[in-house]
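Taking it in order: structure first as structure tokens, then the write-up.
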Amino acid sequence: MDLPDGPLTSILRHLPLESKIQAQAVCKTFRDILCNPSGGSGVWGSVRLEDPVFDAASTIALAGWLMQRAPGIWLLQYMPRMADMQRKQEILRNVIPKVAARLAPEAAFELDLTSASAEALFGNQEPAWLMPHRDGPLTPYWASLAGALTRLDLRFDQSFLTLDLPLDRGVPVVLEQLTNLRGLTMRDTKRGPMHLDRSLDPFLDMQHLAGLMFMGKPAKIKHALQTRYEWTPEALEILLLARIRLQEEAQMQGSRRTSMLWC
Amino acid sequence: MPDIVLRSNDGADHKISASTARLSRTVASLLQDLEASKGEDAELLIVPIPNVCNCTLKKVLDFCEQQRAFDDLVRASPAAQQPEVTRKTQAWRETYMKVSTDELYHLVMAAHYLDVPGLLGLCTDAMADHIRGKSPSQVRACFGLKPNLSPEEEDDIRRSNLWALS
């Protein structure tokens with residue numbers, strides 16, 4: 001049975017997600033249509049996510065996987081649906097941040113959310129967790145959305161550093177501030193202040209470290225810190241306890257602000 | 001334009017109204033060219049359809065006739081009756097699509113050649129039902145396809161979709 005590409009694309013477009021994924025392994029023709037950047041977008045564009053799907057762990061993997069094939073879908077279909085479900089705290093807490101964190105970096109830049117829409121989507125929510133992208137650091141853009149959502153909380157035992165990022169001036173401002181941080185200071189209540197004087201982009205460095213932490217590779221963390229930051233062994237041990245936590249920032253002196261805490 | 005005749009590749013003639021025939025974009029385009037060159041008073045026009053056999057052409061024209069009838073009915077019905085019209089349309093289509101895989105294949109090819117979007121969508125949806133829930137090897141058997149992915153390519157697909165295929 002030899003079908004032209006047009007009807008075959010239409011057939012594949014009608015398939016549910018699971019069958020589309022399976023169909024990639026049928027033959028080269030099926031795979032090419034499903035994986036081709038142009039044709040593939042059309043095919044995957046018909047994917048619909050129903051509410052129960054968002055409860056499944058596979059949805060988290062799906063989003064990143066799908067984004068690599070058809071980035072525009074995220075903006076056109078997923079985002080509005082997720083926004084519709086803002087009231088579902090469980091989804092907000094467990095799915096959206098992880099989905100966001102899994103987005104391919106290039107795909108993240110497909111998004112063009114204004115500050116207002118970002119707030120509408122992420123604002124006023126319960127604490128949520130953000131995991132770094134499995135294959136690399138979060139992009140500044142996504143981190144800025146994360147900042148709009150909550151605050152970045154790197155826990156260093158009794159040591160902490162707080163950076164306030166004003167949200168009311170919008171995501172671009174947050175982004176700018178995140179990408180231009182210099183001379184971060186970590187205050188250790190037991191040992192006194194420790195200074196991180198970094199020549200590299202500190203934001204990306206933080207994300208790199210966060211990624212290593214979440215992947216559970218203490219040896220790599222130590223190596224990264226020793227080679228890139230020259231931290232003391234004591235600081236390294238403290239850092240191994242680190243974790244990332246995103247929390248909603250409460251009203252602060254009459255205006256909403258986002259704090260990034262190292263504590 | 002008066003009625004026209006569509007002639008299948010095995011020589012069978014089907015007389016239909018031009019408005020129904022225009023549901024096929026291929027035929028509509030042809031008619032448009034003919035109208036421009038001959039005017040409205042042309043004789044009964046015979047249009048050969050070389051890629052479609054009599055049986056399949058008849059099935060395609062059944063769809064076009066019904067589609068046009070339903071379109072007219074939708075236009076003529078008050079809003080309150082629209083759901084009933086839609087239900088009847090769906091029921092008719094379900095009956096219409098009760099065909100063998102082989103017939104379905106020929107119908108898809110004809111819908112594609114004649115460019116009848118409604119029928120093509122209906123057929124490809126039905127064909128997707130033949131794939132839905134099947135493993136890659138079952139799909140290959142259903143469509144008579146030969147496995148032509150190398151072991152490396154299959155591994156690659158399996159690896160990158162592990163979360164879904166496991």
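Labels below follow one simple rule: chain letters A, B, ... track the order of the sequence lines, proteins then strands, and each chain is numbered from 1. These numbers come from the heavy atoms of this one structure, side chains and all, not from hydrogens, waters or symmetry mates.
Using a 4.5 Å cut-off between heavy atoms, B:S137 makes no contact with chain A at all. With a 4.5 Å cut-off on non-hydrogen atoms, B:M127 touches chain A through its backbone and its side chain both.
Contact annotation: the side chain of B:V139 approaches that of A:F30 to within less than 4.5 Å [non-hydrogen atoms, C-beta and beyond]. You'll find the side chain of A:Q24 stays beyond 4.5 Å of the side chain of B:P136, heavy atoms only. Side-chain contact between B:H112 and A:P4 is present, with at least one heavy-atom pair separated by less than 4.5 Å. Two residues are said to be in side-chain contact when any heavy atoms from C-beta on lie closer than 4.5 Å; B:T124 and A:R13 fail this criterion. Here the side chains of A:Q22 and B:K134 are not in contact, with every heavy-atom distance at 4.5 Å or above. In this structure the side chain of B:I131 never reaches within 4.5 angstrom of the side chain of A:H14, judged on heavy atoms.
Taking CG from B:L145 and OG1 from A:T29, the interatomic distance works out to 7.5 Å, rounded to the nearest 0.5 Å.
Heavy atoms only, all atoms of each residue included: B:G133 and A:S19 are closest at N-OG, 3.3 Å. Contact record, B:R132 with A:L15: N-CD2, 4.0 Å, taken as the closest heavy-atom pair.
Of the listed residues A:A23, A:G6, A:C27, the one with more heavy-atom pairs under 4.5 angstrom with chain B than any other is A:C27.
Exactly one residue among A:L8, A:L3, A:V26 makes a side chain to side chain contact (heavy atoms under 4.5 Å, CB included) with B:F143. That residue is A:L3.
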